[in-house]
Amino acid sequence: MQDLGIVDVSMRHFVGPVHIWVWEPSDPFPELGPCVGVDTETELITDTVKDPPVVVTGVFDPANSNCWIVYWQHTAAFMRELNKRDIQQRYFNVGFDEQVLDNEDEEKSLLTAVDARRVRDMQIRIHLHEIATLGWIRVNLYNLADCALHFLNVTLDKGDPDDYENSARMTFRRHNKDGSVYRITDEQAKYLCYDCASTWGLGESVPEQPTEVEHTKGMIVLAHISTNGIQVDPVVFDAMEEKLFKARDEARLRLLAFGFPDPYKDAKKEAAAERQLFYEEYKKLCESAGLECCLGMVEQTLDDEDETVIQVPKIPSKDSLR
């Protein structure tokens, strides 16, 4: 196993040196404590790629003061072994992590750990706790950096998004420009260690919520829908379409019965004709009563289909009637 050195971690619930190691399949699987903090680093998310290739996975083990880093080539082997063990895994936004991890693992082993109630999502836990205690979610508790600052009093260095080339967070990649395999920098290793440690620490700061496992499952499902869309069953679609069209036709008949224009026809033309009819009837009433028709002003509207001119009464303003 490769030794990447020691990082001094200082935050609520954990203060001390953390040894960073790179794990490979030729190494024995590490002895881990009962609860670990897990985070993934990927290539950049784009408008069309919501689950980009994972580059490295970090696992913070507070019981032994270690942080294990696993490169993408070995992700499946490490996660399959971890998911077999009775170890609680803490994530932040597990819906994303599950997708990028299981993209490398044909067995989708993380889902088995979710079903075994070994996976917890700290974002879900914090939000459920906020709703249970305050009744709403504070605006500064929606990402890992803000939550770490609020609960752990630690500032995570997320870098400057405008300074792409020098940002540890935004320069993870699988290969260098020459095609060689990319190896993370010391700065990136420290960055990942703190992310994993903070994820674990949030679970110490916020008590477990009764329904967080069920909400975590829902979060994973919604993440898959967001990334992949919803598959459509054509049989169900046809049945729903028929039901919708039937309701539409029934609503049309009710509208027609009350004198509304037919929505299947040219609504503007029909509305203009209705106004013209109203004008003519109103004018007749005025004449029979010996009164001047106040709707005598007329506009012209051109119908695009048959180019006939329809006389439309112009409704006078309140000022003109005074």
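These numbers come from a predicted model, not from an experiment.
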Classify the ring geometry between Phe172 and Tyr191 as parallel (under 30°), tilted (30 to 60°) or perpendicular (over 60°). tilted

Between the main-chain N or O of Gln188 and the side-chain N or O of Thr185, is there a donor-acceptor pair closer than 3.5 Å? yes

Does Met79 form a side-chain contact (heavy atoms from CB on, under 4.5 Å) with Gln89? I'd like the steps, not just the answer. CA-CA 11 Å; Met79 292 305 299; Gln89 302 174 45; 3.8 Å; yes

Full working for side-chain contact (heavy atoms from CB on, under 4.5 Å) between Asn83 and Arg118: CA-CA 8 Å; Asn83 292 326; Arg118 295 173 185 156; 5.9 Å; no

Between the side chains of His224 and Glu98, is a donor N or O closer than 3.5 angstrom to an acceptor N or O? yes

Are side-chain heavy atoms of Tyr71 and Val181 found at a separation under 4.5 Å? no

Thr216 side chain to Asp121 side chain, donor-acceptor N/O pair below 3.5 angstrom: no

With side-chain contact (heavy atoms from CB on, under 4.5 Å) as the test, would you mind laying out the steps for Phe96 and Thr40 before giving the verdict? CA-CA 9 Å; Phe96 174 80; Thr40 60; 4.0 Å; yes

Would you say Gln123's side chain and Tyr142's backbone share a donor-acceptor pair under 3.5 angstrom? yes

Is it the case that more than 12 heavy atoms not belonging to His215 sit under 6.0 Å from its NE2 atom? no

As an exercise, state the distance from NE2 of His127 to CZ of Arg138, rounded to the nearest 0.5 Å. 10.5 Å

Does the Glu212 side chain pair with the main chain of Arg120, one donor and one acceptor, at a distance under 3.5 Å? no

Evaluate the side-chain proximity of Trp72 to Pro53: yes if any heavy-atom separation is below 4.5 Å, no if none is. no

When you measure from the side chain of Glu106 to the backbone N and O of Glu104, does any donor-acceptor pair fall under 3.5 Å? no

Between Asp178 (side chain) and Ser180 (backbone), is there a donor-acceptor pair under 3.5 Å? yes

How long is the span from the OH atom in Tyr194 to the OG1 atom in Thr199, to the nearest 0.5 Å? 13.5 Å

Do any N or O atoms from the side chain of Thr112 and from the backbone of Ser109 form a donor-acceptor pair under 3.5 angstrom? yes

Hey, is CG on Asp186 packed in by over 12 heavy atoms from elsewhere, all under 6.0 Å? no

Would you say the side chain of Asp105 lies within less than 4.5 Å of the side chain of Leu101, judging by non-hydrogen atoms? no

Side-chain contact, heavy-atom cut-off 4.5 Å: Leu202 with Leu144? yes

Atom CD of Glu31 with >12 non-hydrogen neighbours under 6.0 angstrom: no

Please give me the minimum heavy-atom distance between Cys193 and Val9, naming the atom from each residue. SG-CG2, 4.2 Å

Rounded to the nearest 0.5 Å, the NE2 atom of His129 sits from the CZ atom of Phe151 at a distance of 7.5 Å

Under 3.5 Å, is there a donor-acceptor pair between the Trp21 and Asn66 side chains? yes

Quick check against the 3.5 Å criterion: does Asp39 have a side-chain atom that pairs as donor or acceptor with the backbone of Cys196? no

Has Arg12 got a side-chain atom pairing as donor or acceptor with Gly201's backbone, closer than 3.5 angstrom? no

Flag the pair Val38 / Thr57 as yes when at least one side-chain heavy-atom distance between them is below 4.5 Å, and no otherwise. yes

Would you give the length of the straight line joining atom OH of Tyr91 to atom CG of Leu110, rounded to the nearest 0.5 angstrom? 4.5 Å

Can you check whether Glu24's main-chain N or O pairs, donor with acceptor, with Asp27's side chain at less than 3.5 Å? yes

What's the verdict on side-chain contact (heavy atoms from CB on, under 4.5 Å) for Lys190 and Glu187, showing C-alpha distance, side-chain angles and the deciding distance? CA-CA 5 Å; Lys190 178 180 178 181; Glu187 183 183 5; 5.8 Å; no

Is a donor on one side and an acceptor on the other found under 3.5 Å between the side chain of Arg85 and the backbone of Pro34? no

Are His13 and Trp200 close enough that some pair of their side-chain heavy atoms sits under 4.5 Å apart? yes

